[in-house]
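Single-structure report; data block below.
For reference, positions follow the sequence shown, starting with 1. Everything quoted here is computed from the prediction, not taken from an experiment.
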Amino acid sequence: MKDSQHSTSHLKVNSATSRRLSDKLSQNEDIIEMILEDHKPLKQLIKIMKNTDKDLSDREDAFAEFAPLLICHAKPEEETLYTFMKSVENTRSDGFEGDVEHGLADQMVEEIMRTDDEDLWSARVKVLAELVEHHIEEEENSLLPDFKKNSNPQDRQILANKFLKLKTHFLQLGGEETPHEANLKKSDLHH
């Protein structure tokens with residue numbers, strides 16, 4: 001197993017990436033479209049992580065890319081979409097369910113990063129991939145369409161702007177480990 005297996009690759013944000021994200025803040029973005037766009041690379045990496053016929057090094061590389069992408073997507077989604085959904089009666093239970101599933105994925109990422117045994121590592125990565133795959137499918141087929149019915153475009157645009165600010169923040173943290181909310185200055189992120 002590679003020595004680098006214990007930590008994910010450092011996700012660097014260059015100035016062009018930061019500018020691109022900042023430019024989107026002024027556009028009429030919809031949080032639903034942003035979430036769907038974030039899912040695309042995650043789904044590609046899930047295919048590799050689930051495929052136990054692939055070389056271990058390929059699966060390690062996929063996980064090293066997947067973990068920071070997942071964190072930089074999930075944390076902003078929790079702080080924006082799920083927080084909003086939990087405040088609306090028709091979407092409240094879906095918001096809590098999404099939070100719980102994100103918590104399970106966080107735990108799995110932490111466990112995988114501490115795993116030395118190749119077979120156990122492989123099993124945990126496959127379970128994480130299947131968990132996130134199921135979560136994405138539920139979001140795309142049920143949660144997001146329901147949310148769209150129970151929200152207005154202005155709210156989705158406000159949430160999109162918050163999502164982008166938070167995502168930029170998490171990208172700058174580097175995604176090396178699960179960032180803990182206690183380390184965030186929430187007042188800096190919610191303006």
Side-chain angles (χ1 to χ4, degrees), residues 8 10-13 17-43 65-110 113 128 131-140 142-191:
T8 59
H10 187 72
L11 188 61
K12 295 181 180 167
V13 179
T17 303
S18 292
R19 267 195 312 278
R20 221 172 23 253
L21 288 172
S22 296
D23 290 346
K24 284 189 173 192
L25 290 174
S26 62
Q27 298 174 3
N28 290 335
E29 293 286 335
D30 186 311
I31 192 166
I32 294 171
E33 295 306 316
M34 295 174 75
I35 289 170
L36 293 172
E37 193 63 31
D38 272 6
H39 286 173
K40 290 176 184 177
L42 293 172
K43 291 194 284 193
E65 188 177 343
F66 178 84
L69 286 177
L70 180 65
I71 292 163
C72 293
H73 165 76
K75 297 302 175 189
E77 186 176 59
E78 293 163 16
E79 292 289 320
T80 57
L81 179 66
Y82 293 159
T83 297
F84 184 88
M85 290 178 75
K86 290 185 285 188
S87 72
V88 177
E89 188 175 333
N90 292 342
T91 58
R92 184 172 163 80
S93 63
D94 286 338
F96 281 112
E97 184 179 329
D99 266 346
V100 170
E101 289 177 353
H102 279 204
L104 293 172
D106 283 348
Q107 289 174 341
M108 290 298 303
V109 168
E110 295 274 347
M113 291 171 57
L128 172 66
L131 171 72
V132 176
E133 181 178 54
H134 170 76
H135 175 77
I136 288 172
E137 286 172 1
E138 260 190 354
E139 275 191 350
E140 291 182 355
S142 177
L143 185 140
L144 293 174
D146 288 347
F147 174 68
K148 189 169 188 170
K149 288 179 197 170
N150 289 289
S151 63
N152 64 55
Q154 296 81 13
D155 286 338
R156 292 195 304 273
Q157 182 182 354
I158 291 167
L159 291 172
N161 287 337
K162 288 180 182 180
F163 181 88
L164 275 172
K165 286 179 185 176
L166 286 163
K167 185 173 179 177
T168 300
H169 176 76
F170 283 106
L171 286 167
Q172 290 169 341
L173 287 177
E176 285 190 333
E177 58 183 287
T178 304
H180 300 283
E181 286 81 357
N183 295 336
L184 294 177
K185 293 182 181 175
K186 290 191 181 205
S187 62
D188 294 339
L189 300 175
H190 295 287
H191 292 329

Check side chain to side chain donor-acceptor pair (under 3.5 Å) between [X] and all other residues, then give those that pass, not counting sequence neighbours.
{"X": "K148", "answer": "none"}
{"X": "D155", "answer": "N152"}
{"X": "T91", "answer": "none"}

Please walk me through it: do I158 and I31 pass side chain to side chain contact (heavy atoms under 4.5 Å, CB included)? CA-CA 8 Å; I158 291 167; I31 192 166; over 6 Å; no
Salt bridge (charged side-chain N to carboxylate O under 4.0 Å, His left out) against K40, all qualifying residues, sequence neighbours excluded: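 Partners of K40 under the salt bridge (charged side-chain N to carboxylate O under 4.0 Å, His left out) test: E37.
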Which atom pair, heavy atoms only, marks the closest approach of [X] to [Y]?
{"X": "N90", "Y": "N150", "result": "ND2-OD1, 3.0 Å"}
{"X": "E139", "Y": "P145", "result": "O-CD, 3.6 Å"}
{"X": "P41", "Y": "L69", "result": "CB-CD1, 4.2 Å"}

Check: A160 main-chain N/O paired with T80 side-chain donor or acceptor under 3.5 Å: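 Judged by distance alone, no pair lies under 3.5 Å.
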Set out, in order, the CA-CA distance, both residues' side-chain angles and the distance that settles salt bridge (charged side-chain N to carboxylate O under 4.0 Å, His left out) for K86 and D94, then state yes or no. CA-CA 8 Å; K86 290 185 285 188; D94 286 338; over 6 Å; no
List in chain and number order the residues that pass side-chain contact (heavy atoms from CB on, under 4.5 Å) with D38, two or more places apart in sequence or in another chain; answer none if no residue qualifies.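 With neighbours one apart ignored, the set is H73, F163, K167.
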Sequence-distant partners of Q107, side-chain contact (heavy atoms from CB on, under 4.5 Å), two or more places apart: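 In terms of side-chain contact (heavy atoms from CB on, under 4.5 Å), with neighbours along the sequence ignored, Q107 is linked to L104.
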Out of curiosity, [X] [atom1] to [Y] [atom2], how far, rounded to the nearest 0.5 Å?
{"X": "E101", "Y": "L131", "atom1": "CD", "atom2": "CG", "answer": "6.5 Å"}
{"X": "E79", "Y": "H169", "atom1": "CD", "atom2": "NE2", "answer": "10.0 Å"}
{"X": "L144", "Y": "L81", "atom1": "CG", "atom2": "CG", "answer": "6.5 Å"}
{"X": "E97", "Y": "H102", "atom1": "CD", "atom2": "NE2", "answer": "10.5 Å"}
{"X": "L166", "Y": "K162", "atom1": "CG", "atom2": "NZ", "answer": "9.0 Å"}

Is it the case that the ring center of Y82 lies less than 6.0 angstrom away from the ring center of F96?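 No, the ring centres sit 6.0 Å or more apart.
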Output, in order, the C-alpha distance, side-chain angles, deciding distance and verdict of side chain to side chain contact (heavy atoms under 4.5 Å, CB included) for E133 and I136. CA-CA 5 Å; E133 181 178 54; I136 288 172; 5.9 Å; no
Min side-chain heavy-atom separation [X]-[Y] under 4.5 Å:
{"X": "E138", "Y": "L143", "value": "no"}
{"X": "E77", "Y": "I35", "value": "yes"}
{"X": "R156", "Y": "E33", "value": "no"}

I'd like to know whether K75 forms a side chain to side chain contact (heavy atoms under 4.5 Å, CB included) with D106, so could you lay out the CA-CA distance, the side-chain angles of the two residues, the decisive distance to 0.1 Å, and finally the verdict. CA-CA 10 Å; K75 297 302 175 189; D106 283 348; 2.5 Å; yes
Salt-bridge present (K43, E140; N to O < 4.0 Å):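 E140 and K43: salt-bridged.
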I would like to know whether I71 and F66 meet side chain to side chain contact (heavy atoms under 4.5 Å, CB included); could you show each step before the answer? CA-CA 9 Å; I71 292 163; F66 178 84; over 6 Å; no
